[in-house]
Amino acid sequence: MNDYRFINIYQEPTEEQLSQLMHEVAEEAKARYEKAHAAYFAHIDQMIQNEFK
């Protein structure tokens, strides 16, 4: 999303452009969530392993 720029500031983006942007944002959000979710539970698992050593 950070790379997305509208070429003409005087013209509204098309529905296709907005749809594509929202699709990319949703994919990026899902990937970040999945990475954070996995890291969180890996951390919890590690804490449990350390507790019962």
Side-chain angles (χ1 to χ4, degrees):
M1 180 177 149
N2 292 338
D3 296 335
Y4 190 83
R5 301 283 185 267
F6 294 112
I7 295 173
N8 186 346
I9 63 171
Y10 302 107
Q11 183 179 8
E12 293 291 322
T14 66
E15 290 296 319
E16 290 175 357
Q17 289 172 322
L18 292 174
S19 178
Q20 180 64 31
L21 176 60
M22 292 304 295
H23 179 74
E24 291 172 9
V25 168
E27 285 182 342
E28 183 178 326
K30 181 180 178 184
R32 286 182 171 189
Y33 165 79
E34 290 173 350
K35 182 178 178 181
H37 185 265
Y40 173 77
F41 282 101
H43 178 71
I44 296 296
D45 288 342
Q46 186 63 43
M47 288 174 50
I48 291 170
Q49 293 298 319
N50 290 341
E51 185 70 25
F52 294 104
K53 278 188 174 180

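Since the model is a prediction, treat every value here as computed from it, not as a measurement.
For CD of E51, the number of neighbouring non-hydrogen atoms (other residues, nucleotides, ligands) closer than 6.0 Å is 12 at most.
There is no side-chain donor-acceptor pair under 3.5 Å between Q20 and E16.
For H43, there are no side chain to side chain donor-acceptor pair (under 3.5 Å) partners, not counting sequence neighbours. Under the rule for a ring-ring contact (aromatic ring centres under 6.0 Å, His included), the partners of H37 that lie at least two apart in sequence or sit in another chain are Y33, F41. Shown here are the side chain to side chain donor-acceptor pair (under 3.5 Å) partners of Q46, two or more places apart in sequence or in another chain: N50.
Rounding to the nearest 0.5 Å places CD of E27 at 7.0 Å from CD of E24.
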